[in-house]
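Notes for the one structure printed next.
Any value given below was found using the heavy atoms of this structure, including those in side chains, with hydrogens, waters and symmetry copies removed. Note on naming: letters A, B, ... go to the chains in the order of the sequence lines (proteins, then strands), and numbering restarts at 1 for each one.
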Protein chains: 2
Amino acid sequence: MSELSAVSGTPTATIKFYQREGLLPPSDKTAPNQADYGPAHVARLQLIRALLGVGKLSIAAAAEVIGSIDSAEPVLYTFEAAQNALSEHLDESDVTPDALAIVDAATTGWRVSPGNPGRLAAARVVDTFGALGQADEAGWFDRYAAAALLAAEADLDEIASRSGRDAQAETVVVGTVLGDALFSGLRRAAQEHVSSGRHPAPPHAASTRPNGAS
Amino acid sequence: MSELSAVSGTPTATIKFYQREGLLPPSDKTAPNQADYGPAHVARLQLIRALLGVGKLSIAAAAEVIGSIDSAEPVLYTFEAAQNALSEHLDESDVTPDALAIVDAATTGWRVSPGNPGRLAAARVVDTFGALGQADEAGWFDRYAAAALLAAEADLDEIASRSGRDAQAETVVVGTVLGDALFSGLRRAAQEHVSSGRHPAPPHAASTRPNGAS
DNA sequence: TACTATCCGATAGCTATACTCTCCATTGTG
DNA sequence: CACAATGGAGAGTATAGCTATCGGATAGTA
């Protein structure tokens, strides 16, 4: 076990905790008190740390998505499981019909089930936006929908490039979880870029420099 | 005070807590034990609930962004403040140069300061992605960067449509915080759409229906 | 066989966050 | 003037995510 701890940099106490919570599969034990860990365990632990750390999942949510990787279900179900684990559970009564209509209008032509967690989450954002007295003057929702479509196509292409159910299922989870974080980072960078292109004086954060490929 | 509580549906104990934490400005008191709250207080409280609830900010982060709305700084600084409050504080030593190079390549031509929190956050995602044994086969990073640019342009247009520093500053904060949640919801919806367009059998979540504008 | 070191597993404890409750002097109101 | 309500301050609570300790068992060594 402390082999695992040493390799991963995770304290043994934490590893034991993850095992208890069902995040990490039980060790293949060779004796009542002796266990063996292989590269699969190391990889799994790394996945856990990524989901909890960068992805900010809760222990329970991480356990759910990991379970859906391990189940033999087709990849499409893993997708659903990942989405459910990542979103808090809303139903239609948590959002106004108006907000749903706005979301549906922004996603016209999309084939999305009414209970899709993303649809409901987006509607709640629309509600919140309205409650704060903000209005969508410049087609913000529509343009976000276009951006989201771009990202989703990239996601699906990335998944399709993997071969084998297990590799695909893992990419589904990793892509879904890390995708949020990646986009959020890139959007902030893009905000600075767009903003500096429109306003003469850049924010005080030191030197801004045009970015050539390294 | 319980006027405020009634209107907002927030318990008075919680309101008092927010005041203590500096989220809510002190009441304009008319007597040592009697205070008056106006519509500004109601609006502020709603903003707080939105930041904490939908935006999932911590109390401390919310206090920071709210402070930057109230300061008289130009809107560009509010942008920076919002970004800093939303990102955990990374510096270049937290990510590999390789990951930074990949991020910079995906954002070629963008004018972004090296310390931009988004740039570093994106690099950390790239690192994590690699550590999990995933490779960017289908131009995932580049395509996310394109999507992020779209979103950032929408953000800036939306902000530009507001008049007055205070309205703009509030839209900066609201847009930056809610934008992450909105995109994440729309991306999940788009994933289902794209996925159902590519695979014959949809996931079991009941009826999927093509979506006509309401 | 004795000794030591390690390991597993279970339990209890710790820390941070986001509230929530209790107390109490003050005070508007009838 | 009685009296419920108010504002402010500090302590208390619930949950999440670890972390530390203890007890029993076993492998390695001599």
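- Each end of the helix from C:dT1-D:dA30 to C:dG30-D:dC1 gets its own axis from five base pairs, and the two axes differ in direction by 20°, given to 10 degrees.
- Only A:Leu52, A:Ser58, A:Ile59, listed by number, bring a heavy atom of residues 47-68 of chain A to less than 4.0 angstrom from any atom of DNA chain D.
- Distance B:Glu3 CD to D:dT6 P: 11 Å, rounded to the nearest Å.
- Between B:Leu52 atom CG and B:Leu23 atom CG the span is 6.5 Å, to the nearest 0.5 Å.
- The residues B:Arg162 and B:Asp157 are annotated as not salt-bridged, no charged nitrogen and carboxylate oxygen being separated by less than 4.0 angstrom.
- The pair B:Lys56-B:Asp180 fails the salt-bridge criterion, with no side-chain N (NZ, NE, NH1 or NH2) lying under 4.0 Å from an Asp/Glu carboxylate O.
- Between the OH atom of B:Tyr144 and the CG atom of B:Asp136 there is a distance of 11.0 Å, given to the nearest 0.5 Å.
- DNA chain D is contacted by A:Pro11, A:Ala13, A:Thr14, A:Phe17, A:Tyr18 of residues 11-19 of chain A, taking any non-hydrogen atom closer than 4.0 Å.
- Along DNA chain C, the nucleotide nearest A:Tyr37 and the nucleotide nearest A:Arg20 are compared for position; the residue whose nucleotide lies closer to the 5' end is A:Tyr37.
- Looking at heavy atoms from C-beta onward, B:Leu149 lies in side-chain contact with B:Trp110 at the 4.5 angstrom threshold.
- Atom CG of residue B:Asp91 and atom CG of residue B:Asp94 lie 5.0 Å apart, to the nearest 0.5 angstrom.
- Ion pairing between B:Arg119 and B:Glu92 holds under the 4.0 Å rule for side-chain N and carboxylate O.
- Using modelled atom types, one finds no donor on one side chain facing an acceptor on the other under 3.5 Å when comparing A:Thr78 with A:Glu73.
- Atom CZ of B:Arg143 is separated from atom CG of A:Leu150 by 7.0 Å, given to the nearest 0.5 angstrom.
- With rounding to the nearest 0.5 angstrom, the CD atom of B:Gln134 is 5.5 Å from the CD atom of A:Glu170.
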